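One structure is given below, encoded as structure tokens.
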Amino acid sequence: RYTLVLPEAAADAADRPQVIVAYADGFPAIVEKRLGKGRVVVFSAPLDTAWTNLPIHPNFVPLVSRILGHVAQGAEALRERQEAGRPVQI
């Protein structure tokens with residue numbers, strides 16, 4: 001069972017979701033949208049090995065790191081090194 005995820009249309013180009021990565025059939029795999037002062041990135045498949053091998057691929061951690069760096073631009077709290085489990089104020 002699955003749900004088809006498609007970016008919604010928006011009148012203003014700046015408000016339109018951007019397809020960052022598409023599957024071979026053209027459907028979106030990773031979509032980004034500006035929301036308020038930030039950004040939201042959506043993966044169209046769960047990040048577990050029941051659906052995809054991405055979480056065990058060597059490029060998974062660098063991909064997530066780059067996406068987090070991208071969406072966190074301008075967030076002072078995330079520019080410094082963070083300790084796991086420590087609360088972060090944004």
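Since the model is a prediction, treat every value here as computed from it, not as a measurement.
Residues P28 and S44 approach most closely at O-OG, 3.0 Å, considering heavy atoms. Between E32 and R39 the shortest heavy-atom distance is OE2-CD, 2.7 Å. Residue F60 comes nearest to L54 through the heavy atom pair CB-O, 3.0 Å, listed as atom of the first residue, atom of the second, then distance. Between P62 and P58, the closest heavy-atom pair is CD-O, 3.5 Å.
To the nearest 0.5 angstrom, I67 atom CD1 is 8.0 Å from I20 atom CD1. Rounded to the nearest 0.5 Å, atoms CG (D48) and CD1 (I56) are 11.0 Å apart.
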